[in-house]
S.K.: 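Attaching a single structure in structure tokens format; questions to follow.
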Amino acid sequence: MMKNSCFHCGQAIPKGDLVLKEINGTQQSFCCHGCASVCEVIHEAGMESFYKRTPDGELLSPPPPPNKDIEFFDYDEVQSQFVDNLSDRREITLMSEAIHCAACVWLIEHTLAKMDGLLLARVNFTNKQIKIRWDNSKTKLSEIIKKLNSIGYDATPYDPSASEQAYKKANRDLLYRLGFAGFAMMNVMWFSVALYSGAAEDLEYRNYFHWLEFFIATAALAYSGQPFLKGALTAIKSRTVGMDVSISLGMLTTYFYSFWVTIHPNHSGDVYFDTLIDFMFLLLIGRYLEAISKNKAIDASRRLMDLQPKVARKLNEEAENIVPVRTLLKGDLIVVKPGEQIPVDGTISFGQSMVNESMLSGESKEISKNVNDSVVAGTLNVDGHLTIQVDKILQDTKLGKIVHMVEEAQGSKAPIQCTADKIMPWFVSTTISLALASFVFWLFMANIEFAVITATAVLIITCPCAFGLATPMAIAVASGVSARNGILVKNGTVLEVLHSIEHFVFDKTGTLTKGEMKLVGEAFVDSTEQEKILRAVASIENLSEHSLGNGIVKSVKNRFSIGNSEWSKVDGFKIIAGKGVQGTVANSLYQIGTASWLSSLNFTLPDSLQTVAEEKAKLGQTAVWIAKDSEIKGVIFLEDEIRPEAVELISRLKAKGKKVSLLSGDLAVVADRVAEQLGGMNVIAEVLPEDKNEVIKTLQAQGQTVAMVGDGVNDAPALVRANVGIALGSGTDVSMESADIVLMNNELLAVDTAIELSAKTLRTIKQNIASSITYNLIMVPLAMSGVLTPLIAAITMPLSSLVVIGNAARIRSFFNKKHSLK
């Protein structure tokens, strides 16, 4: 006789829809061809143990219809909206609503692992996301999605708006279950009042009300209690124990004891259907409030993404059309009016304005932006009318990358959390053992009714949930709030270890210094020509892109208050790579560059100027020689300017007992001078870029915990090697990708702020764990002694979780206090 349920999904087979297919030599029944195909693929892949891992009574969903436009996702233009790097090795996050249990995680990861070219497949059961890393030269994204579809999982690229909808759907479902439990509680309470008022004295009425309560409690347990029962089944199938196991045991014990009393009318005991529904209602309230609190605590990434407009004014043949940002391409022109947020990363091609970049840097000051300046998505155009050329959109923008990094940090596990995860099963196992011990003790000392109620109270009162939330909530809140204040924590682990770092190593150029050359001195043959020559030199260098030239231009411009339109006319401008520049101003030929270049042109360098240049070189200053027509006129000296906050940072680190070192490829004399200006620190100089990593490795081999602070490409290996890598937001993309923390506000003092945030976070984690343990040490003995009822237990259990969440939320005030101290 054929089964009337589908062999794959377990759902009833509609009349006339029966599909028969042979699986492993046996003919099986299916509700549709999709289920039959999925089952066949699973068995052919040797993954039939998937069905054994699926929780008993759990119905699978029939496979979704195949997406006809899957190949559409293979185009780079489409993938660029979801993939950061369009090289051969690519990474994307997919989302599938069909993921519903641990068996799904196992099936997806094991099936994809067999695909050629698949480098990583990791399923996040909580948010139904699948992180995929693959070699695009060996397999296509469409093939991966087809493989997922073939085993019953629809998958589409992750969209934050879709994730938001999924969250709202889950909360709405929880609210419906809460409402039903409340409705059941009110009705059962009427029957309980009647029983307590005297109806229980009449055996017929007593039995009648007991059965009414039984039917209502059964419906409430099946629907409102489903989240707890399903969680317990999943945990048991996965051979773990969690909070839902102890809660479900308590509910089922109360339910079946009450049912046993109901079917034995002459039994003198009471039923506790009202208590069952009451604490189910209260547990759902706690879980709903917990879900809302969690979302408010960790929604920094969502609020950040909301800063990025979804539409833009695209400029087409002088006309403006409002289009979705997703449809924009690199090189398109868009218009941003005063008061509007900039929707893309781009370059200003027309107009000027003040732009508020507080969402990126954490500082509220406005920055002047002109033609050729870069602007960032999410920042606010204050007062100008801008035309912007699109460089990057959506996930590729700096804001999009920040959101991705924040999400990664919030999902990462700190070592203390890993320890908590290991303790959790033992914690719950101990709880069940204590409940069993209470039951046995009171069974002999009192009666079965009191024994059941006491054991149930023990199962309900314990709160492994609060213990499990202690670390992730603190890390999630800290990661979110710091991102909004210009400190991007990419890896939650560092929030636990940063405050305990012993040795801070700083790169010099661009980190302790601004990476901008500044004119700090000059020597001329004839001082009366000094201003005239400097103006001419700056006018020529204004046409150059070299950092030395930019330093000269900026310094001369500030010294003589020269406007952008006041530069001298330059003829015959020419760059001599690695040597200098030349140009004609007012019919005089100026040649500006190195001493060796001018010497090769048969210029004679005055001995007096050479002596000055040699002394300045010992101080780490760079000499730029100036020749006018046929003779040397002078030499100017430039130096990388030290960041004004660097001295204060080094002082603070020393006060905290930290060891501080300067790591540089410069000559020792130059590095020593910088260290002296910073108040003194250990110097590791003349280090080749490729050897910085080895320096960090050597320090760690000596037993030191090391933090590396840098900004350049050559710092990337050292940033990865260090226990904590910290990069400046003004640095290269490579260094920011390699670091654990990115200082988007480019303020060095943020290093000290991050250390204090780390200490605050760890302190909060310890407080949360302590409060959870203290709660259980007090409440469990009370429950075992019979003082607390299951109803009281149901009230206090979710409150302990809310205390943990509330304490973690206090981290938000950290930056408010920091700003108030400024």
Side-chain angles (χ1 to χ4, degrees), residues 72-87 90-93 141 157-161 301-361 366-406 488 545 729-734 736-737 742 744:
F72 181 68
F73 292 118
D74 288 338
Y75 291 102
D76 285 351
E77 292 82 1
V78 177
Q79 283 192 25
S80 63
Q81 301 172 30
F82 309 102
V83 177
D84 290 335
N85 184 4
L86 292 176
S87 61
R90 302 185 181 188
E91 186 175 295
I92 194 171
T93 300
L141 180 59
Y158 166 68
D159 185 345
S161 60
S301 58
R302 188 179 299 114
R303 290 198 300 271
L304 283 171
M305 187 55 83
D306 287 343
L307 292 172
Q308 191 166 355
K310 303 299 185 290
V311 296
R313 303 175 188 272
K314 183 178 179 181
L315 193 60
N316 270 333
E317 297 178 357
E318 302 304 321
E320 293 178 16
N321 296 313
I322 296 179
V323 300
V325 171
R326 190 180 295 277
T327 64
L328 294 173
L329 299 174
K330 183 176 181 179
D332 285 345
L333 294 177
I334 64 167
V335 172
V336 182
K337 296 182 178 180
E340 294 181 345
Q341 285 182 306
I342 297 170
V344 299
D345 282 6
T347 305
I348 298 175
S349 60
F350 179 80
Q352 63 181 53
S353 177
M354 299 298 290
V355 175
N356 187 324
E357 295 187 342
S358 59
M359 51 70 59
L360 191 67
S361 64
E366 295 166 357
I367 299 171
S368 176
K369 296 286 185 177
N370 300 292
V371 174
N372 294 327
D373 284 345
S374 298
V375 289
V376 179
T379 55
L380 180 65
N381 177 25
V382 178
D383 55 10
H385 193 283
L386 300 176
T387 300
I388 299 170
Q389 183 176 343
V390 176
D391 292 334
K392 295 178 181 178
I393 64 170
L394 300 175
Q395 284 89 343
D396 288 335
T397 63
K398 184 170 286 191
L399 177 60
K401 289 179 178 178
I402 290 173
V403 172
H404 175 71
M405 292 174 186
V406 171
L488 179 59
E545 296 292 332
S730 58
T732 63
D733 288 344
V734 175
M736 288 191 286
E737 287 292 331
V742 181
M744 302 306 298

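All values derive from a computational prediction rather than experimental measurement. One is the number of the first residue; the rest follow in order along the sequence.
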S.K.: NZ/K314 to CG/L328 distance, rounded to the nearest 0.5 angstrom?
M.R.: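 K314 NZ to L328 CG: 6.5 Å, rounded to 0.5 Å.
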
S.K.: What distance do L386 atom CG and I334 atom CD1 have between them, rounded to the nearest 0.5 Å?
M.R.: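 Those atoms lie 9.5 Å apart.
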
S.K.: How long is the span from the CG atom in L315 to the OG atom in S349, to the nearest 0.5 Å?
M.R.: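 Interatomic distance, L315 CG to S349 OG, rounded to 0.5 Å: 8.5 Å.
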
S.K.: Do V355 and K369 have side chains that approach each other closer than 4.5 Å (heavy atoms only, starting at C-beta)?
M.R.: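 Answer yes - side chains close enough.
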
S.K.: Test side-chain hydrogen bond (donor to acceptor under 3.5 Å, both in side chains) on D345 and S374 and set out the steps.
M.R.: CA-CA 7 Å; D345 282 6; S374 298; over 6 Å; no

S.K.: Within the 4.5 Å heavy-atom criterion, are I388 and V375 side-chain neighbours or not?
M.R.: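 A side-chain contact under 4.5 Å exists here.
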
S.K.: Tell me the closest heavy-atom pair linking P343 and V336, and the distance in Å.
M.R.: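 Nearest pair, atom of P343 first, then V336: CD-CG2, 3.9 Å.
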
S.K.: Which residue, L333, T347, D332, forms the side-chain contact (heavy atoms from CB on, under 4.5 Å) with V390?
M.R.: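 Result: among L333, T347, D332, D332 is the only option passing the side-chain contact (heavy atoms from CB on, under 4.5 Å) with V390.
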
S.K.: I'd like to check Q389 versus K330 (side-chain heavy atoms, cut-off strictly below 4.5 Å). Are they in contact?
M.R.: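 No, too far: nothing below the 4.5 Å cut-off.
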
S.K.: Quick one: CG on L380 to OG on S353, what's the gap to the nearest 0.5 Å?
M.R.: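 Result: 8.5 Å between the selected atoms.
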
S.K.: Do the non-hydrogen side-chain atoms of V371 and Q352 ever get within less than 4.5 Å of each other?
M.R.: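 Answer no - side chains too far apart.
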
